[in-house]
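These notes are about the structure you will find just below.
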Amino acid sequence: MPELPEVYTITKDLKKYATGHVIKDIWIEPKYHIKSGNNKFIKLVLGKKILDVNRIAKNIILELESNIYIRIHLGMSGRILLRNRNEIKDRWTRCILLLKNTKNSYIELRFIDTRKFGRIEVLNKNNIEKLRNKYGIEPTGRNINYNEIYKKIHKKDTSIKTVLLDQKIIAGLGNIYATDALFLSGIHPNTSAKKLSVSEIEKIILCAGNVLKEAIKNKGSTLKDKAYVNIFGKEGRYQKHFKIYEQRTCPKCSKDTKVLRISGRRSWYCPHCQILK
DNA sequence: ATGTTTGTTCCGAT
DNA sequence: CATCGGAACAAACA
């Protein structure tokens with residue numbers, strides 16, 4: 001579920017609504033395993049104030065006092081919800097941080113994860129630097145050096161669709177936005193990465209940036225399973241703007257689309273507008 | 001019962 | 001040793 005636009009939306013809202021709160025209590029679902037170890041997590045996090053909330057690729061980073069950071073990755077089915085204390089417990093809640101603000105009122109930050117592909121852990125400043133260095137460029141960023149990206153991609157003996165999902169090369173895209181980006185650039189998802197020119201790669205990354213920006217404006221995508229919602233439970237709207245993802249007909253030429261399976265992921269394309277070279 | 005799913009990491013093959 | 005592809009992770013839903 002959560003790709004860059006969804007994580008961006010959650011991060012921005014948490015920055016506004018969770019910053020300044022103190023973590024007064026921590027509940028962890030029995031038998032649930034926090035990556036750092038549950039006891040270590042509680043020891044380092046309990047009683048600390050949230051100073052800021054930022055994003056690294058698809059990770060949400062809560063910056064606490066004393067150079068302590070909480071990393072949350074939502075995986076496929078993770079959610080973060082801000083709830084009042086008296087609200088009924090959400091199904092599949094794995095961890096709750098009880099937050100108190102300066103006016104002494106309490107809210108709960110609930111980490112919910114149906115499939116348990118998500119991760120929550122505590123990190124220090126050094127870990128954060130390492131995490132940052134793991135990821136490639138973001139397509140919405142400024143001053144992208146397309147020659148540098150070309151050099152990396154040109155060596156890859158795989159499809160461009162697979163490359164776009166590789167966070168070490170380009171950060172933030174997942175299956176939905178990679179699929180739509182390739183459609184907008186007119187490139188077949190199975191195109192060998194080696195065959196792409198610098199200008200084609202530039203085009204793909206620009207299209208990816210545009211798709212991500214449009215998705216951010218629309219607060220992400222909520223699919224049929226309703227897995228993604230924002231921290232107040234509200235759905236995104238980009239699913240109403242899908243270009244080719246889950247579309248039966250091409251929005252450019254109206255011909256029937258096709259679906260491939262690449263790296264185990266569904267990949268829609270238009271056989272007329274995206275010719276395999 | 002079977003096949004499907006927005007992400008990432010690990011392992012075996014090459 | 002580096003790279004690639006697929007399995008695994010886990011649980012709900014159709």
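These values consider heavy atoms only, across backbone and side chains, with no hydrogens, waters or symmetry-generated copies. Chain letters run A, B, ... following the sequence lines, proteins first, then strands; residues in each count from 1.
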Answer with base, sugar-phosphate or nothing: what part of the nucleic acid does [X] contact at a heavy-atom distance below 4.0 Å?
{"X": "A/K226", "answer": "nothing"}
{"X": "A/G264", "answer": "nothing"}
{"X": "A/K58", "answer": "sugar-phosphate"}

query = Hey, where on DNA chain C does chain A first and last touch, going 5' to 3'? Cut-off is any atom under 4.0 Å from a heavy atom.
reply = C/dC4 to C/dA12

note = Interatomic distance, CG@A/N124 vs CG@A/L44, rounded to 0.5 Å, equals 9.5 Å

Can you check the [X] [atom1] to [N] [atom2] distance for me, whole Å?
{"X": "A/I56", "N": "B/dG7", "atom1": "CD1", "atom2": "P", "answer": "19 Å"}
{"X": "A/D225", "N": "B/dG3", "atom1": "CG", "atom2": "P", "answer": "20 Å"}
{"X": "A/L173", "N": "B/dG7", "atom1": "CG", "atom2": "P", "answer": "10 Å"}
{"X": "A/L131", "N": "B/dG7", "atom1": "CG", "atom2": "P", "answer": "17 Å"}
{"X": "A/I10", "N": "B/dG7", "atom1": "CD1", "atom2": "P", "answer": "13 Å"}
{"X": "A/L164", "N": "B/dT8", "atom1": "CG", "atom2": "C1'", "answer": "17 Å"}
{"X": "A/K134", "N": "B/dG7", "atom1": "NZ", "atom2": "P", "answer": "15 Å"}
{"X": "A/R79", "N": "B/dG7", "atom1": "CZ", "atom2": "C1'", "answer": "17 Å"}

message = Under the rule for side chain to side chain contact (heavy atoms under 4.5 Å, CB included), what residues qualify as partners of A/N84, not counting sequence neighbours?
response = A/N86, A/E87, A/I107

For [N], take OP1 and OP2 only and decide whether either is under 4.0 Å from a side-chain N or O of [X].
{"X": "A/H73", "N": "B/dG7", "value": "no"}
{"X": "A/Q167", "N": "B/dT8", "value": "yes"}
{"X": "A/R266", "N": "B/dT5", "value": "yes"}

task = Could you check which residues of residues 239-251 of chain A get a heavy atom under 4.0 Å from DNA chain B? Sort them by number, please.
result =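 Heavy-atom contacts with DNA chain B come from A/Y245.
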
ask   = By salt bridge (charged side-chain N to carboxylate O under 4.0 Å, His left out), which residues pair with A/E235, not counting sequence neighbours?
value =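 In terms of salt bridge (charged side-chain N to carboxylate O under 4.0 Å, His left out), with neighbours along the sequence ignored, A/E235 is linked to A/K226.
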
inquiry  = A/K155: which residues meet the salt bridge (charged side-chain N to carboxylate O under 4.0 Å, His left out) condition with it, sequence neighbours left out?
reply    =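 Once residues adjacent in sequence are excluded, A/K155 has no partner under the salt bridge (charged side-chain N to carboxylate O under 4.0 Å, His left out) criterion.
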
remark   = Dot-bracket for DNA chain B, 5' to 3', Watson-Crick and G-U pairs with both distances under 3.5 Å, [ ] for crossing pairs, | for partner on another strand, reads .||||.||||||||

request  = Using the test side-chain hydrogen bond (donor to acceptor under 3.5 Å, both in side chains), find all partners of A/S192 that sit at least two apart in sequence or belong to another chain.
outcome  = none

message = Under the rule for side-chain hydrogen bond (donor to acceptor under 3.5 Å, both in side chains), what residues qualify as partners of A/T140, not counting sequence neighbours?
response =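 Checked A/T140 against side-chain hydrogen bond (donor to acceptor under 3.5 Å, both in side chains); zero matches.
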
A/S185 side-chain N/O to A/L182 backbone N/O, donor-acceptor pair under 3.5 Å =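 It does hold such a pair.
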
Under-4.0 Å salt bridge between [X] and [Y]:
{"X": "A/R266", "Y": "A/E246", "result": "yes"}
{"X": "A/E214", "Y": "A/K217", "result": "no"}
{"X": "A/R132", "Y": "A/E129", "result": "yes"}
{"X": "A/E108", "Y": "A/R85", "result": "no"}

Could you go over nucleotides 12-14 of chain B and give all protein N or O partners under 3.5 Å, atom names and distances?
none

message = Say we look at B/dT8 and C/dA12: how far apart would their P atoms be, to the nearest angstrom?
response = 22 Å

message = Per the salt bridge (Lys or Arg N to Asp or Glu O under 4.0 Å) rule, what does the pair list look like for residues 175-184 of chain A, sequence neighbours excluded?
response =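 Every pair satisfying salt bridge (Lys or Arg N to Asp or Glu O under 4.0 Å) with a residue in residues 175-184 of chain A: there are none.
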
ask   = Is the charged tip of A/K252 near the ring of A/F183: under 6.0 Å from the six-membered ring centre and within 45° of its axis?
value =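 Yes, A/K252 lies over the aromatic ring of A/F183.
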
Donor-acceptor list for residues 53-61 of chain A side chains, cut-off 3.5 Å, not counting sequence neighbours:
residue, atom, partner, partner atom, Å
A/N54, OD1, A/K15, NZ, 3.1
A/N54, ND2, A/D52, OD2, 3.2
A/R55, NH1, A/A57, O, 2.9
A/R55, NH1, A/E138, OE2, 3.0
A/R55, NH2, A/E138, OE1, 2.8
A/K58, NZ, A/L173, O, 3.0
A/N59, OD1, A/R71, NH1, 2.7
A/N59, ND2, A/I56, O, 3.0
A/N59, ND2, A/Y135, OH, 2.9

task = Return the set of residues passing ring pair (Phe, Tyr, Trp, His ring centres under 6.0 Å) with A/Y269 (not counting sequence neighbours), or none when no residue passes.
result =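 With neighbours one apart ignored, the set is A/H188.
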
